[in-house]
Student: 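What follows is a single structure, and I will ask about it in a moment.
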Amino acid sequence: MGETVAGIVANPASGRDIRRLVAQASVFPTAEKANMVQRLLAAFAVTGLDRALVSTDLGGISAAVLRALGRGGSWPKVDFCEDDALTGTAADTTNAVRRMVEAGAGVIVVLGGDGTARVAAAACEDVPLLALSTGTNNAFPQMQEATVAGLAAGLIATGQIDPDLVTHRVSVLEVVTKARREIALVDVCVSLSRHIGARALWDPSSLTELYCTFAEPDGIGLSSVPGQLCPSPRSSPDGVALQLGPVGETPYVVHAPIAPGLVRPVGVRGWGLLRPGVRVELAAAGGVIALDGERELELKTGESAFVELKPDGPWVVDVRAAMAEAARKGLLRTETEPGKERRR
């Protein structure tokens, strides 16, 4: 086996959208994101990883990691993705992930919310993705301690754990317009709003359609709406589709946690299963399409768009399964007296 590589992408902008202001949502400061990267690197070293590729940013995360690197420590070799000019946009995540894929990364760890994970998923190809929550809405990323996640990722990247045993492929929603093709990991919704403006969705009153890859009763974000009406586990191949409308004009109203600190009434006209491979035309002419809670696509009057549930999304690491496999194989333990029974 050649050099073993893992990637780390930390989004400095995650958790800093308008929902932080209107709902008192949690904020992951730059210092904590830098600390999480360092905890990942420390765990990588324990697994014997040769090299870690770390994204660069304009928010100070990579600078803090570089300063810590200068103080020494038991880390693998650390290189920064510096070949692409930084833009302060989602393109920075896309470029970093592509560099990591090209470098032969065995796993890519992403620090961000649903939006960051979505961008990374579109660029990671078949490299397993491990998304850690540092955003405002975190329906897709895992709430997991970075040290444990680093051990799981490092054991996969070094080949000590077979990724086929501890990763699974998730479904995505593909949205196609005349000019663009985008994916969503959790939900796609149609809004009557005419402009993107503040990208984050925090007022559901203008929403007319909602499509979700899964719907958990304890979820956050728009997928929490079907989570209270027609729950659908992540393991199901089917998604859900809802028709929404103004409260007072619909037979159902769900009080949904659409963001941390924001429980809003959402009117629902009806719902049904969303089958894989079925292309659905969106009634979004002249409106806006939001992907994973962020207004992303503006449509001109008369312009059509389609959504389709596809089973060929990114491979996602199951940290719990990876650590269980590590325990089964004894990868993180040593015998102090080989060949002798431990005294009781």
Side-chain angles (χ1 to χ4, degrees), residues 7 9 11 13-15 17 19 90 93-94 96-98 101 107-144 149 167-176 180-190 199-201 209-216 218-227 231-242 258-259 274-277 280 282 289-297 305-319:
V9 178
N11 180 4
S14 64
D17 59 48
R19 291 166 296 194
T93 294
T94 298
V97 170
R98 286 176 176 168
V101 173
V107 67
I108 297 173
V109 183
V110 179
L111 277 60
D114 291 335
T116 309
R118 177 179 69 83
V119 174
C124 71
E125 300 181 9
D126 285 333
V127 178
L129 191 68
L130 200 170
L132 294 180
S133 301
T134 64
T136 304
N137 272 21
N138 299 284
F140 182 82
Q142 302 180 44
M143 295 297 291
Q144 185 74 60
T167 65
H168 59 279
R169 195 154 215 168
V170 299
S171 298
V172 295
L173 292 162
E174 183 180 67
V175 177
V176 180
R180 292 174 62 179
R181 183 184 300 266
E182 299 284 350
I183 66 166
L185 294 172
V186 183
D187 55 65
V188 169
C189 70
V190 175
R199 290 183 178 274
L201 281 173
E209 299 173 63
L210 175 63
Y211 304 87
C212 300
T213 57
F214 60 86
E216 297 171 330
D218 61 341
I220 190 75
L222 292 177
S223 66
S224 68
V225 179
S232 179
R234 299 185 191 220
S235 58
S236 172
D238 298 319
V240 294
L242 287 79
I258 63 170
L274 180 63
R275 303 289 189 183
V280 180
L282 300 176
I289 300 173
L291 310 175
D292 291 336
E294 297 183 352
R295 284 174 278 207
E296 189 73 25
L297 303 172
F306 303 89
V307 64
E308 179 181 345
L309 181 67
K310 307 190 77 171
D312 57 350
W315 292 94
V316 175
V317 175
D318 184 330
V319 172

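In this chain, residues are counted from 1 in sequence order.
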Student: Do R234 and V170 have side-chain heavy atoms sitting under 4.5 Å apart?
Tutor: no

Student: Please check this pair: side chain of S224 against backbone of G221, looking for a donor-acceptor N/O pair closer than 3.5 Å.
Tutor: yes

Student: Any heavy-atom pair between the side chains of Y211 and V280 that's under 4.5 Å?
Tutor: yes

Student: Determine whether L173 and I183 make a side-chain contact, defined as any pair of heavy atoms from C-beta on separated by less than 4.5 Å.
Tutor: no

Student: Heavy-atom distance under 4.5 Å between the side chains of W315 and V127, does that happen here?
Tutor: no

Student: Got S223 and T213 here, is their nearest side-chain heavy-atom distance under 4.5 Å?
Tutor: no

Student: Within a strict 4.5 Å, meaning less than it, do heavy atoms of the P314 and L185 side chains meet?
Tutor: yes

Student: Assess whether side-chain contact (heavy atoms from CB on, under 4.5 Å) is satisfied between T167 and V317, documenting all intermediate values.
Tutor: CA-CA 4 Å; T167 65; V317 175; 4.0 Å; yes

Student: How long is the straight-line distance from CD of E182 back to CG of D292, given to the nearest 0.5 Å?
Tutor: 11.0 Å

Student: Just wondering, do L291 and V188 contact through their side chains at under 4.5 Å, heavy atoms?
Tutor: yes

Student: Find the distance between CZ (F306) and CD1 (I289) and round it off to the nearest 0.5 Å.
Tutor: 10.5 Å

Student: Can a donor-acceptor pair be found, under 3.5 Å and without considering hydrogens, that links the side chain of R169 to the backbone of G313?
Tutor: yes

Student: At what distance, to the nearest 0.5 angstrom, does OG of S133 lie from CD1 of I220?
Tutor: 11.0 Å

Student: Any non-hydrogen side-chain atom of V97 less than 4.5 Å from a side-chain atom of L129?
Tutor: no

Student: Look only at the side chain of T134 and the backbone of G112, and say whether a donor-acceptor pair between them is shorter than 3.5 Å.
Tutor: yes

Student: How far does CZ of R295 sit from SG of C189, to the nearest 0.5 angstrom?
Tutor: 9.0 Å

Student: Say you draw a straight line from OG1 of T93 to CD1 of I108; how long is it, rounded to the nearest 0.5 Å?
Tutor: 11.0 Å

Student: Decide, yes or no, whether a salt bridge links R118 with D187 under the criterion of side-chain N to carboxylate O below 4.0 Å.
Tutor: no

Student: Any sub-3.5 Å donor-acceptor pair from D114's side-chain atoms to F140's backbone N or O?
Tutor: yes

